[in-house]
Amino acid sequence: MVDKVKPAGTSEEVKPRSVRVVLMALMIAMLLAMLDNMIIGTAMPTIVGELHGLEHLSWVVTAYTLATAASTPIWGKLGDMYGRKGSFLTSIVIFLIGSALSGMAQSMGQLIGFRAIQGLGAGGLMVGVMAIIGDLIPPRERGKYQGMMAGVMALAMIGGPLVGGTITDHWGWRWSFYINLPLGAVALAMVTAVLHLPKKRAQGKIDYLGAALLTIAITSTVLVTTWGGNEYAWGSVEILGLIAVGVLSTAAFLYAETKAAEPVMPLHIFRSRNFTLMSVIGFIVGFAMFGGVLYLPLFQQSVQGASATNSGLLLLPMLLSMMVVSLISGRVTTSSGKYKVFPIAGGGLMVVGMFLLATMDTGTTRLVSGLYMAVLGAGLGFLMQIAMLVAQNSVEMKDMGVASSSATLFRTLGGSFGVALMGSLFSARVTDTMTERLGPEAAQASGSAQLDAASLAKLPEAVRDAYQHAVAAGTHSAFLLGAAIAVLGFAAAWFVKEVPLRGAGPATPAGDADGEKAEKAEKAAPATQESLAH
């Protein structure tokens, strides 16, 4: 029997046991969304070998990413309008349907389509978790649970490749998708049984025009960052056309949102300085984190000779540091109600960590690179959950869903830009360095910048040495760009205004726009939430 709990904003104390039962269900759902791409990445060579269609390989990932990014803000708004629990359960069901269909795919075309369905559901999983936590736990108390969220992320990044490789080798690649079904069934059962939130029925209509324009804008942006410099040159007609579509659809979306009765992304939430700053910081966190996750294992495999099989373990210093720091900062926030120091410290450490990683060369040991990763991880740990907490604290309860989805969307788009821009810089520098050392013909004949340790061992010593120097030069350029972008996040952190977290007690001084919103939200919370009971 789960103890009765009053959600955020009520006067009764939240019972930790009840909250932990609900959070366990939410963490399983969150794990589903994060683990999927990590597992599938390991299985992709086997999938392509059986289904063929190597030329469509990138679309297996792109279709999922596009659907997730485009649906994220829509799921947030649906939760605000019609109730969080129903939209969250629906997103789990759609994700599981997509997983089952992907496991049964008989061609690359089918797999790409089914991955898009899976991505639609995944868009609601992360938003649902964050928004429900925002509903149930006051911001002042929310810090205690940050370590759990950071732990789920670390588990997915470390365990995903290992689990994916094991499943593919012993059960076949289809079980990389089927493994989601039992986990999803447990999450469905637990959420249905223990989570009780009020049902809502909005009077306004869904903002279909805004949703369509936002989808076009996000799709164009993601395709530009995915295709630019890879499928098409940055100056090609295709990329320039996508940029034009993205700019025009964004402008049309912003205009449409000023006229909509129930805008899918209410622009008034950006009047809060803290919310806008945290959106910027979230974008930069995504830029740094996804760039690091992509290029650190590549450096360690190509330059330091590490095995690709344990690629997830290569990131352990960064992920453990991120988890520990997130847990500590959450506890301090809960006990003190203070948080401004953490974005500043996180931004500073992120700049230092990125710069240190940019100094790595062919002589850098794994111990040294591990220490550099730990510095970056500490910076991310200070920022990741605090950014979401402050963003949610900056809006009224009725906008909790769109606030959570907007913060998630900006982090996702930051990751897309990070991978694309750092990737273009990396590839260009590798090509230039190989050409300088071997000449144009030899550089082209030596292969791409995706050689693993086993392939490198087969190369002539001169070519291998040139390639390792080229990868080191590429990672230097990529992480130097990351450090420059991180400076913007560090600068933005200084402008964050420390508004008392809801549940912290003292009233906010009059005249503070962010504080007035927090105070209004706290007063409105009891009227918009009900007990969690079983």
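Please read these numbers as outputs of a predicted model, since none were measured by experiment.
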Centroid-centroid under 6.0 Å between Y295 and F479 rings:
no
Quick check: are there more than 12 heavy atoms from other residues, nucleotides or ligands sitting under 6.0 Å from CH2 of W171?
no
Can any side-chain N or O of Q300 pair as donor or acceptor with the backbone N or O of R366 at less than 3.5 Å?
no
Distance-only check: which donor-acceptor pairs under 3.5 Å involve side-chain atoms of residues 118-133, not counting sequence neighbours?
unit_1 : atom_1 : unit_2 : atom_2 : d
Q118   : OE1    : R115   : NH1    : 2.9
Q118   : NE2    : D36    : OD1    : 2.9
Q118   : NE2    : S99    : OG     : 2.9

Using distance alone, with no hydrogens and no angle criterion, decide if T364 and Q304 have a side-chain donor and acceptor under 3.5 Å apart.
no
Checking the side chain of S405 only, and the main-chain atoms of V402 only, is there a donor and an acceptor separated by less than 3.5 Å?
yes
Could you go through the salt bridge (charged side-chain N to carboxylate O under 4.0 Å, His left out) check for K77 and D207 one step at a time?
CA-CA 9 Å; K77 185 61 180 180; D207 179 18; over 6 Å; no
Rounded to the nearest 0.5 Å, what separates atom CZ in F177 from atom CD1 in I179?
13.0 Å
To the nearest 0.5 Å, how far apart are CG in L409 and OG1 in T68?
11.0 Å
So, for G489 and I281, which heavy atoms are closest and what is the spacing to 0.1 Å?
O-CG1, 4.1 Å
For the residue pair F417 and F283, categorise the inter-ring angle as parallel (less than 30°), tilted (30 to 60°) or perpendicular (more than 60°).
tilted
Sequence neighbours left out, what passes salt bridge (Lys or Arg N to Asp or Glu O under 4.0 Å) with R174? Give chain and number order.
E50
Closest approach of Q392 to G134 (non-hydrogen atoms, all atoms of both residues)
OE1-CA, 3.9 Å
Filter on salt bridge (charged side-chain N to carboxylate O under 4.0 Å, His left out), then keep only pairs touching residues 118-131, sequence neighbours left out; what's left?
none
List the steps and the verdict of side chain to side chain contact (heavy atoms under 4.5 Å, CB included) for T408 and M388.
CA-CA 8 Å; T408 303; M388 178 65 74; 3.7 Å; yes
What's the shortest heavy-atom distance between A378 and S321, and which atoms?
N-OG, 3.0 Å
Which heavy atom of V471 sits nearest a heavy atom of F426, and at what distance?
O-CE1, 3.8 Å
